[in-house]
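Values reported hereafter were calculated over all heavy atoms of this structure, with side chains retained and with hydrogens, waters and symmetry mates removed. Note on naming: letters A, B, ... go to the chains in the order of the sequence lines (proteins, then strands), and numbering restarts at 1 for each one.
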2 protein chains.
Amino acid sequence: MATGREIAQLCGVSVATVSRVFNQPETVNEETRDRVLRVANELGYQPNESARALSTKQSTMIGLVWDTDHRRPGWRHPYLQDLLIGLKSALSAHGYHLLMLATSGDAREVGASLADPVAYVNMTRRHHLGGLVLIDSGSDAEAFEAFAQSGVPCVALDVAVDGPRATYVTSDNAGGAQSAVRHLAGLGHTRIATITGPPGNQPSAARVSGYRKGMLEAGLEMRDEYVVAGDFYRPSGTAAAQRLLALDEPPTAVFAASDEMAVGALLAARAAGVRVPQDLAIVGFDDIEIAAVVDPALTTVAQDKPGFGVAAAKAIMAMITGAGQEEPVVLPTRLVVRQSCGA
Amino acid sequence: MATGREIAQLCGVSVATVSRVFNQPETVNEETRDRVLRVANELGYQPNESARALSTKQSTMIGLVWDTDHRRPGWRHPYLQDLLIGLKSALSAHGYHLLMLATSGDAREVGASLADPVAYVNMTRRHHLGGLVLIDSGSDAEAFEAFAQSGVPCVALDVAVDGPRATYVTSDNAGGAQSAVRHLAGLGHTRIATITGPPGNQPSAARVSGYRKGMLEAGLEMRDEYVVAGDFYRPSGTAAAQRLLALDEPPTAVFAASDEMAVGALLAARAAGVRVPQDLAIVGFDDIEIAAVVDPALTTVAQDKPGFGVAAAKAIMAMITGAGQEEPVVLPTRLVVRQSCGA
DNA sequence: CGTTTCACCGTAAGCGGTTACATAGACCCT
DNA sequence: AGGGTCTATGTAACCGCTTACGGTGAAACG
């Protein structure tokens with residue numbers, strides 16, 4: 001590995017000049033600059049990032065907090081891959097790397113640890129990370145708040161946080177839900193139910209409120225028994241749908257707060273001999289891969305998946321360079337109409 | 001941020017002793033060790049990893065090479081999330097972090113870059129990475145070979161590589177395919193076709209050879225027209241199935257080298273009025289989430305998804321510490337029987 | 001009692017960069 | 001000619017930690 005010193009010697013200049021060539025090129029004479037660059041190139045010079053970080057007290061790395069919650073072992077992010085594609089791509093464009101932090105030095109089981117803010121913040125300092133990107137692992141709102149308050153620049157995904165250098169990006173959950181209900185009402189449905197996410201979950205709450213707004217907007221009656229709680233998992237969708245179908249006056253349409261639960265509802269309907277969409281229209285949320293494949297294909301509220309990552313990347317970079325509070329980002333959603341709503 | 005020097009002063013020892021407390025605890029007197037640890041704890045001391053890496057010439061980071069191939073924009077890894085869970089978990093347990101490298105400083109579009117081995121290897125040196133984990137992005141066999149030859153410890157996933165400090169982990173693709181064919185033959189099928197992956201893809205080739213072995217084992221006739229090429233994507237499965245169904249003597253069963261193509265075949269059958277599994281049995285490969293949800297649910301060869309990550313982690317750590325060539329890891333597969341095969 | 005051994009710890013030289021400050025020369029001005 | 005400016009570069013301190021080497025004092029030995 002060639003070092004700056006070697007280059008300096010070969011070029012007959014000092015290490016300071018070599019450093020300047022790469023950091024403040026305009027301050028060094030064109031001729032010597034070219035000479036240094038040429039030699040550096042020949043030797044395949046790669047500046048030592050550790051030395052650099054030590055000296056400048058900053059690195060080009062962003063931490064990624066993505067822990068699987070041991071209380072929800074089967075939890076999978078609905079679109080992690082697209083999210084990462086967007087995130088990595090936007091960060092890469094500005095020279096940032098993504099560091100997936102290891103915190104529990106002694107975790108024995110696969111995916112057995114829960115995000116410990118203190119451990120992550122410590123890691124952030126150790127590595128001089130520019131900031132953190134927090135991926136919702138299903139139930140970490142409290143932990144995320146601790147991150148936000150730590151003073152480390154961070155942006156949370158799908159969880160509203162507040163802190164001196166913290167912000168978040170989320171979909172327009174209320175708007176998406178509202179558009180789903182509007183669509184169903186437009187198809188003539190009056191008895192529209194909803195299956196919610198787990199209590200305390202923010203996107204879920206926003207989707208419920210969107211549902212409410214949609215019902216209000218359409219002048220439809222709101223019944224308590226039409227709002228039944230799920231947990232985003234498929235089985236809870238099945239259970240909820242069974243409950244709804246057993247009502248004296250069952251709904252003719254249901255908006256599920258996740259595609260997984262919508263699929264669960266689909267299975268419940270199928271098992272009960274209820275035809276979808278003729279007897280029961282179903283709309284989901286997320287637009288996961290499965291949505292397009294089930295039969296009937298699921299109408300759903302699509303989120304801008306790579307856009308999530310891109311927005312997070314921009315936000316974190318803005319907080320690092322701008323060094324201030326940033327406005328939360330709310331991404332638009334899009335209703336993808338397929339067969340399950342009967343349109 | 002407390003530094004080692006501060007701790008040293010407060011404890012009335014030298015920085016060397018502080019360093020020893022954390023790196024070779026046995027060489028320092030118990031009393032002073034406790035004193036140092038207590039003070040360090042009180043100050044929330046976090047050793048500066050940059051300084052550490054600079055001094056020791058090694059970091060605790062492993063690079064992750066995961067580029068989306070611009071030639072295959074829609075490509076998604078069939079089980080990235082589970083893979084990462086296993087990988088991160090196993091690495092974390094040994095204190096390693098995963099660094100998702102950014103190489104193309106000027107990539108403008110989302111997911112527009114292809115792995116450039118040189119850039120990655122350079123990054124590896126800059127950051128003193130222990131090694132690299134290479135995720136198959138669909139068509140990078142050549143690039144992977146360049147990695148393997150670079151001398152950087154690396155383990156490739158699903159691509160066989162050979163190098164001084166390189167190895168790979170893959171599923172028992174041949175065995176899995178063979179078990180699929182065996183299962184179909186056991187159900188009485190004699191006309192069994194296969195839909196392959198893209199030419200040059202190693203797992204695909206292994207699956208074809210497993211198919212051949214399975215046919216041979218069952219004493220079944222092998223026909224060239226029963227082996228039709230796809231590209232792992234769903235549409236190619238549809239096209240292939242259409243081709244197969246149009247034959248004078250269409251197969252009664254088909255083994256697809258990916259679940260996506262199996263789903264495509266399913267759609268083709270449905271469109272052609274061919275009943276699955278009565279008229280056509282279908283078996284896929286991967287056991288992606290969709291497999292359990294399509295109708296009929298897909299019988300498929302399941303891979304050990306988190307196991308992939310765990311094996312990769314172990315392999316790369318072994319190469320780093322052991323510093324030698326490691327044996328390739330072949331993970332067992334498991335036939336998951338659902339409805340699409342008619343069993 | 002002189003000598004050896006050993007546990008413990010300090011000294012200081014790096015690791016490879018960055019950067020404040022100093023210096024040297026070229027140029028322009030009065 | 002003396003002084004001021006500006007550009008281009010060198011000098012050296014520093015970032016925080018690791019580690020080879022050497023020193024000190026107490027215990028063990030002959």
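Considering only the side chain of A:Thr56, C:dT18 comes nearest among D:dT19, C:dT18, C:dG16. With D:dG10, C:dG16, C:dG17 as the choices, the nucleotide that has an atom nearest any side-chain atom of A:Pro47 turns out to be C:dG17. The listed nucleotides are D:dA12, D:dT18, C:dC9; the one nearest the side chain of A:Val15 is D:dA12. Comparing atom distances between the B:Val28 side chain and each of D:dG10, C:dC15, C:dC9 picks out C:dC9 as nearest. Nearest to the side chain of A:Asn48, among D:dG16, C:dG17, C:dT11, sits C:dG17. The side chain of A:Thr3 lies closest to C:dG17 when the candidates are D:dT18, C:dG17, D:dG16. Side-chain proximity of B:Val13 to the nucleotides D:dT11, C:dG10, D:dT18 is greatest for C:dG10.
For B:Met1 and D:dC17, the CE to C1' distance is 13 Å, given to the nearest whole Å. Atom CD in A:Gln9 sits roughly 12 Å away from atom P in D:dG10 (whole-Å rounding). Counting to the nearest Å, the C1' atom of D:dC6 and the CG atom of A:Asn29 are 14 Å from each other. Atom NE2 in B:His128 sits roughly 14 Å away from atom P in D:dT18 (whole-Å rounding). Distance, A:Lys57 NZ to D:dC17 P: 10 Å, rounded to whole Å. To the nearest angstrom, C1' of C:dG17 lies 13 Å from CD of A:Gln24. In this structure, the CZ atom of B:Arg5 is 9 Å from the C1' atom of D:dC15, given to the nearest Å. At whole-Å resolution of the value, CZ in B:Arg52 and P in C:dC15 are 18 Å apart.
A:Tyr45 comes within 4.0 angstrom of the backbone, heavy atoms only, and of no base. A:Thr17 comes within 4.0 angstrom of the backbone, heavy atoms only, and of no base. Contacts of B:Ser50 with the nucleic acid, taken as non-hydrogen atoms under 4.0 Å apart, are absent.
Nearer the 5' end of DNA chain C, as judged by each residue's closest nucleotide, is the contact made by B:Gly12, out of B:Gly12 and B:Ser55.
Side-chain atoms of A:His97 come within 3.5 Å of backbone N or O of B:Ala102 as a donor-acceptor pair.
A donor-acceptor contact under 3.5 Å links the side chain of A:Arg20 to the base of D:dG10.
Side-chain nitrogen and oxygen atoms of A:Thr32 include at least one within less than 4.0 Å of the OP1 or OP2 phosphate oxygen of D:dT9.
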